[in-house]
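See structure below.
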Protein chains: 2
Amino acid sequence: MPSDDLPVPVFSKPVTLRDVAAQAGVSVATASKALNSQGRMTAETRERIRETARRLGFRPNSLAQSLLRRRSFTVGLLTNDTYGRFSLPLMSGISDALVDNGVSVFLCNVEEDPRLGQMHVDAMLDKRVDGIIATGKRIDRHLPVDLSNLRVPVIYAFTQPDPDAVAFVSDDVGGARLAVEHFCRLGRKRIAHVTGPASFAVVHARVQAYRDVLVENGLPVSEPLLGSWSEAWGHQAVAQLFDGKSERPDAVFCGNDQIARGVIDALRERGLDVPSDVGVIGFDNWEIVAEATRPPLTSVDMNLVALGREAGLTLLSLVGGKPAAPGIRKLPCRLVVRQSCGHPPGG
Amino acid sequence: MPSDDLPVPVFSKPVTLRDVAAQAGVSVATASKALNSQGRMTAETRERIRETARRLGFRPNSLAQSLLRRRSFTVGLLTNDTYGRFSLPLMSGISDALVDNGVSVFLCNVEEDPRLGQMHVDAMLDKRVDGIIATGKRIDRHLPVDLSNLRVPVIYAFTQPDPDAVAFVSDDVGGARLAVEHFCRLGRKRIAHVTGPASFAVVHARVQAYRDVLVENGLPVSEPLLGSWSEAWGHQAVAQLFDGKSERPDAVFCGNDQIARGVIDALRERGLDVPSDVGVIGFDNWEIVAEATRPPLTSVDMNLVALGREAGLTLLSLVGGKPAAPGIRKLPCRLVVRQSCGHPPGG
DNA sequence: TTCATCTGAGAAAAGGTTTTCTCAAACAAT
DNA sequence: ATTGTTTGAGAAAACCTTTTCTCAGATGAA
């Protein structure tokens, strides 16, 4: 017996090609050809079939098409970035690039759980995804799944690839240079760097770029301060920078926007004005943080949406059989200038 | 000619049931039955087939199964919450609830674009999703798509449903009561409310709950301050609350965590201590904000993961043909106590 | 008239699985 | 020895679409 006497909604059956063909008085083969602009028939027949399809609201069953074509117009996005800080902009770009081609995206969060990862990968493969994009919350870590030797192409975006895989990451070195060079152009002389823990590869890359730019500009290089990615660390780092007896910085380049936020708050507490006394630049351009900061934070944007779009398009061409050179492609960052570093001396 | 002479990766063909059957020396029908524990055959035959399947790494083609069963083990999640503030926890709950049943989730961001929305809905329908969950970035707004009279069941989560639809939302009234009652228990006497714009339905619901609890506790009701959802507004509201000649509040209940953040910062700038002078509670429990606040912010959590799980399970049962009562179900919030409102007088 | 070519359209196979139907062999009962 | 029942397993249809093959009729040339 039914568990309840609620009305069970009844859903109308989809109209199939067979229905269209019957209505139009032709065979399914002819109907198919009419709708796909294939085969030969009088213009009159073709139009009649098309009109019938339109009238009936016919939409081809993707499952049947996929089965035949061995192509499902579906891709999987694998991530362990639960709160989507990085994977959502990426997703947005991917989806953007693919929706026009009728491709839909399975989003699978695998956390750090290999079992869960395997389940998702298996489910996607069973559903015959055309390809997989792997992403994560940090560039230098693998997802807890083995994606080598899959039956479908895999693209890595913003996460560490298998060797020989095709990967897209942001150009952290370039991004860091953008920030430090901006300070140089503004005439800042003592530029500090406060960033995350040494366990992150990006930290070293950016530190190196920071040093390089300072040397190139003949400015003194102070030791970068490594800590955590938190606001609290930014706050604390200011104490280290300004309490010591070494000369005070007039600019701080921060490893992310939260650190920058902490730095700015600490500076204000010390009565230092941003940007007139000290300029600050963040990283990530997390708008919700960068725009809420007072003053609004200048920050390096990793162009994740563009990165996602690129990854999506490349996957698509890979699926289409076009080869792609394996290796890591770095996509440029851009500096989003707000009000936390002031104007050039002359401006 | 090929655009390049790169090696084109060659992907091995999946092994089909036919392959298994051939290897085991039986018909595909028998093989299918063996693997699905259907039909009749000797235990020996069944085991031999299973062993063969295992050895060959056979995995049934989901597309073929779906085509036959008219059930794709796939659902669509439609959202316009680009940065996933609300939809990602929801997604996480949905995915959690469904992955064990082998169900995968298409994530579709429709922004505010009806054309895009229609594209995504069409694509999902063509791919024969078993059902759709609609969500959004605010409860009292429709997505820019018409989901009535679809061929599949639709569940609304955290967004305004069609009449007669099944919907899950957070119990904002209960959540607000939780916060204000907490202040009352702590012995706070002059509790203010700073929240978002009047155009949001939740603002009114929470304001009403705020008033009710104060009246129930015999406390004075001050006019709630409506503004925007931003940190800046929280900052500014403190000026209004503390510069006037009316009695100063000893507690502020905020409409979201960003406002709370602004409030706390402004209080500190005035030399007021949180929590000893003024207690503060936020809403949303956005951990990245709530935990970075100094002191860490007590906040109302809408239990979005649980809400997503509930929505997923209900959709599943709807897909399975079990009816569900239409209407809006409110799920309780919970208060996550951190350090921004202090201990009870006796504690 | 006869042969060759072209045209429009249908029949059938394919894609991979599930399920119903059928059937021969083995067995039990008369 | 005949009839009835059970058992194990295969044939075939179904899901829906695409594509190749086939073919009858029409047209053109000789």
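Letters A, B, ... are given to chains in the order of the sequence lines, protein chains preceding strands, and every chain is numbered from 1.
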Check the distance between [N]'s [atom2] and [X]'s [atom1] and give it to me in whole angstrom.
X      : N       : atom1 : atom2 : answer
R71(B) : dT18(C) : CZ    : P     : 15 Å
R70(A) : dG16(C) : CZ    : C1'   : 10 Å
L35(B) : dT18(C) : CG    : C1'   : 12 Å
L17(B) : dG15(C) : CG    : P     : 14 Å

**OP:** Using a strict 4.0 Å threshold on nitrogen-to-oxygen distance, state whether E51(A) and R54(A) make a salt bridge.
**Re:** yes
Original post:
About how many Å separate CG of L88(B) and CG of L107(B), when rounded to the nearest 0.5 Å?
Top reply: 7.5 Å
Original post:
OP1 or OP2 of dA9(C) less than 4.0 angstrom from a side-chain nitrogen or oxygen of T45(A), does that happen here?
Top reply: yes
Original post:
With no hydrogens and no angle check, is any side-chain donor or acceptor of R70(B) less than 3.5 Å from a backbone partner on L67(B)?
Top reply: no
**OP:** Identify, between V28(A) and R40(A), the residue whose nearest nucleotide on DNA chain C lies closer to the 5' end.
**Re:** R40(A)
Original post:
For R128(B) and A29(B), take the nucleotide of DNA chain D holding the closest heavy atom to each; which residue's nucleotide lies nearer the 5' end?
Top reply: A29(B)
**OP:** Between A31(B) and L68(A), just flag the one whose closest nucleotide in DNA chain D comes earlier from the 5' side.
**Re:** A31(B)
**OP:** Answer yes or no on whether R71(A) is positioned over the face of F73(A), meaning its NZ or CZ is under 6.0 Å from the six-membered ring centre and within 45° of the axis.
**Re:** yes
Original post:
Does a donor on one side chain sit under 3.5 Å from an acceptor on the other, for T79(B) and D81(B)?
Top reply: no
**OP:** Looking at every strand, decide which applies to S32(B) at a 4.0 Å heavy-atom threshold: base, sugar-phosphate, or nothing.
**Re:** base
**OP:** With a 4.0 angstrom cut-off to heavy atoms of chain B, pull out the first and last contacting nucleotide of DNA chain D, in 5'-to-3' order.
**Re:** dT7(D) to dC16(D)
Original post:
When you look at CG of N149(A), are more than 12 heavy atoms from neighbouring residues, nucleotides or ligands closer to it than 6.0 Å?
Top reply: no
